[in-house]
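In what follows, chains carry the letters A, B, and so on, assigned in the order in which the sequence lines appear, proteins first and then strands, with residues in each chain numbered from 1.
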Protein chains: 2
Amino acid sequence: MPGGSSDRLRGVLALVREKGGRITTTRRAIVAALLDADDHHVTAQLLAERVQVGNPDIHASTVYRTLDTLTELGVVEHTHLGHGATVYHLTDRRHQHLVCESCGAITEVPLAVFDPLVEVLRDSYAFRLRPEHVALSGVCANCAGSDLDRGAQDEQ
Amino acid sequence: MPGGSSDRLRGVLALVREKGGRITTTRRAIVAALLDADDHHVTAQLLAERVQVGNPDIHASTVYRTLDTLTELGVVEHTHLGHGATVYHLTDRRHQHLVCESCGAITEVPLAVFDPLVEVLRDSYAFRLRPEHVALSGVCANCAGSDLDRGAQDEQ
DNA sequence: ATAATTGCAAAGTCTTTGCAGTTTG
DNA sequence: CAAACTGCAAAGACTTTGCAATTAT
């Protein structure tokens, strides 16, 4: 491996600075955690916990504020999963999420799948869909087998 | 007008009883408010406030619990709008919501529009999409005109 | 009667905010 | 140095829960 994910870390931080943001120890830690969690759909809260493992004095409120700032800088994006949880990603990994109402499993889907829908909504409703911003809800393959009768388990 | 919406009220209440739920003054008031609000996408909180106008002693927690119960009975359904708000409907008015990230406007779309997507996700991902359960996010016609530069206003 | 439903108060979760002190560029 | 950033504590919005009293069937 060349530099592993630390290349990507450097890249993201460079972008932050480039956009006028400052680089602090705290931010480095947060972005690193975000990078680690990249496939795992972290909430702000979870991210805070993880960051605090190595840096016990980074406050949760700072994580929230940092995520906001990074969002404004265009480096981070969030998606609302059904239940209310909001998960964060770096913007270079855009995709759509399918959340299973029954077991909570998350499936990633390339955005291209939504192109036809984007077109219909644009043409018929003058609405510019941003599919990644909200996760779609339904029942996954596993649960579809067992869960044929009732709607869901602990769905909210 | 024949019986106006009170026919529908009766119908819903009958369904509740039929499914084993009990009819109380409180429930009657809540269902009525839900019926009134039918097009307006009420949150549990807002619903509570409205119910309390005529029935000051109906507690918010009761509204939450009642919505849960009615959901289990299949009479009520909820949708997660992006920001985190959860809105409730009677199940006889199913449709999809488009929420504008910029102004918050809600557009209703017939579910049929999603049929092709439902098929793709079923065939390629073995995922049974339930499109109504989560509102889609994007930018509405009005805002698309003015809001060309930045992503959104108070988007969360 | 008895099981469901409700009011109330209290707690829980997630998130935001004000402020004063610290750090980055 | 000035502006950005952070820790901390406190508050805020929304929702859930335990319990005893009430009510529908």
Side-chain angles (χ1 to χ4, degrees), chain A residues 13-31 33 41-52 54-73 75-76 78-88 104 154-156, chain B residues 13-33 41-52 54-73 75-76 78-88 104 153-156:
Chain A
L13 292 177
L15 189 53
V16 170
R17 188 159 344 178
E18 188 177 299
K19 298 256 186 161
R22 291 183 179 180
I23 306 302
T24 64
T25 312
T26 299
R27 284 194 179 169
R28 217 184 298 271
I30 293 175
V31 173
H41 316 95
V42 270
T43 61
Q45 194 125 110
L46 181 55
L47 190 64
E49 286 169 24
R50 293 203 186 153
V51 167
Q52 287 166 350
N55 310 65
D57 42 337
I58 294 183
H59 219 265
S61 66
T62 301
V63 174
Y64 281 98
R65 270 189 291 223
T66 301
L67 287 172
D68 280 356
T69 306
L70 295 182
T71 300
E72 281 164 22
L73 298 182
V75 175
V76 161
H78 63 256
T79 298
H80 301 285
L81 302 187
H83 172 88
T86 303
V87 294
Y88 292 83
D154 53 354
E155 154 55 16
Q156 278 300 322
Chain B
L13 292 179
L15 189 53
V16 170
R17 187 156 347 177
E18 188 177 298
K19 299 256 185 161
R22 293 183 179 179
I23 305 301
T24 64
T25 312
T26 299
R27 284 194 180 168
R28 217 185 298 273
I30 293 176
V31 173
H41 317 95
V42 270
T43 61
Q45 195 127 110
L46 182 54
L47 191 63
E49 286 170 23
R50 294 204 187 153
V51 167
Q52 287 166 350
N55 311 64
D57 42 338
I58 293 182
H59 220 265
S61 66
T62 300
V63 173
Y64 281 98
R65 270 190 290 221
T66 300
L67 287 172
D68 281 355
T69 304
L70 295 182
T71 300
E72 282 164 20
L73 298 182
V75 176
V76 161
H78 63 255
T79 299
H80 301 286
L81 303 185
H83 172 88
T86 302
V87 295
Y88 293 83
Q153 278 178 14
D154 53 354
E155 155 54 16
Q156 278 300 323

Task: V87(B)/T43(B) under side chain to side chain contact (heavy atoms under 4.5 Å, CB included): CA gap, chis, key distance, verdict - done: CA-CA 4 Å; V87(B) 295; T43(B) 61; 4.2 Å; yes
Task: Shortest non-hydrogen separation from R17(B) to I23(B) and the atoms involved - done: NH2-CG1, 3.2 Å
- [ ] Could you check how far CG of L13(B) sits from P of dT25(D), rounded to whole Å?
- [x] 11 Å
- [ ] Please report how far the helix from dA1(C)-dT25(D) to dG25(C)-dC1(D) bends, comparing the axis fitted to its first five pairs with the axis fitted to its last five, to the nearest 10 degrees.
- [x] 40°
Pull out every protein N or O sitting under 3.5 Å from an N or O of nucleotides 11-13 of chain C, one pair per line with the distance.
none

- [ ] First locate atom CG of D57(A), then atom OG1 of T62(A), and finally report the distance between them rounded to the nearest 0.5 Å.
- [x] 9.5 Å
Open item on the list: Using the side-chain contact (heavy atoms from CB on, under 4.5 Å) definition, which of the options I58(A), V31(A), T26(A), L46(A) pairs with V51(A)?
Closed with: I58(A)
Open item on the list: Does dT6(C) have its OP1 or OP2 closer than 4.0 Å to a side-chain nitrogen or oxygen of T66(B)?
Closed with: yes
TODO: Using atom CG of N55(A) as one end and atom C1' of dT6(D) as the other, report the distance to the nearest whole Å.
DONE: 13 Å
- [ ] Would you mind reading off the distance between E18(A) atom CD and dG25(C) atom P, rounded to a whole angstrom?
- [x] 14 Å
Task: R17(B) CZ - dA3(C) C1' separation (whole Å) - done: 16 Å
- [ ] Please name the pair of heavy atoms, one in V16(A) and one in L70(A), separated by the smallest distance, quoted to 0.1 Å.
- [x] CG2-CD2, 3.9 Å
Open item on the list: If you assign each of D57(A) and T43(B) to its closest nucleotide in DNA chain D, which residue comes earlier from the 5' end?
Closed with: D57(A)
Pick out the pairs of N or O atoms, protein on one side and nucleotides 9-12 of chain D on the other, that lie under 3.5 Å.
none

Open item on the list: With a 4.0 Å limit, can you tell me whether Y64(A) has a side-chain N or O closer than that to the phosphate oxygens OP1/OP2 of dT16(C)?
Closed with: no
TODO: Starting from C1' on dC14(D), measure out to OH on Y88(B) and report it in whole angstrom.
DONE: 10 Å
Open item on the list: Could you measure the distance from the OG1 atom of T69(B) to the NZ atom of K19(B)? Nearest 0.5 Å is fine.
Closed with: 13.5 Å
Task: By side-chain hydrogen bond (donor to acceptor under 3.5 Å, both in side chains) - contacts of T66(B) (at least two apart) - done: none
Task: Heavy-atom pair of closest approach, residues L47(B) and A33(B) - done: CD1-CB, 3.6 Å
Open item on the list: I need the residues from residues 19-27 of chain A with at least one non-hydrogen atom less than 4.0 Å from DNA chain D; give them sorted by number, or say none.
Closed with: G21(A), R22(A), T24(A), T26(A), R27(A)
Task: Interatomic distance where CG belongs to L81(A) and C1' belongs to dC14(C) [whole Å] - done: 14 Å
Task: Rounded interatomic separation in angstrom, taking CG from D68(B) and C1' from dT5(C) - done: 13 Å
- [ ] Would you mind reading off the distance between L67(B) atom CG and dC14(D) atom C1', rounded to a whole angstrom?
- [x] 13 Å
Open item on the list: Going by the rule side-chain hydrogen bond (donor to acceptor under 3.5 Å, both in side chains), which residues pair with Q45(B) if we only count those two or more places apart in sequence or in a different chain?
Closed with: Y64(B)
Task: Separation between CZ of R27(A) and CG of L67(A), rounded to the nearest 0.5 Å - done: 10.5 Å
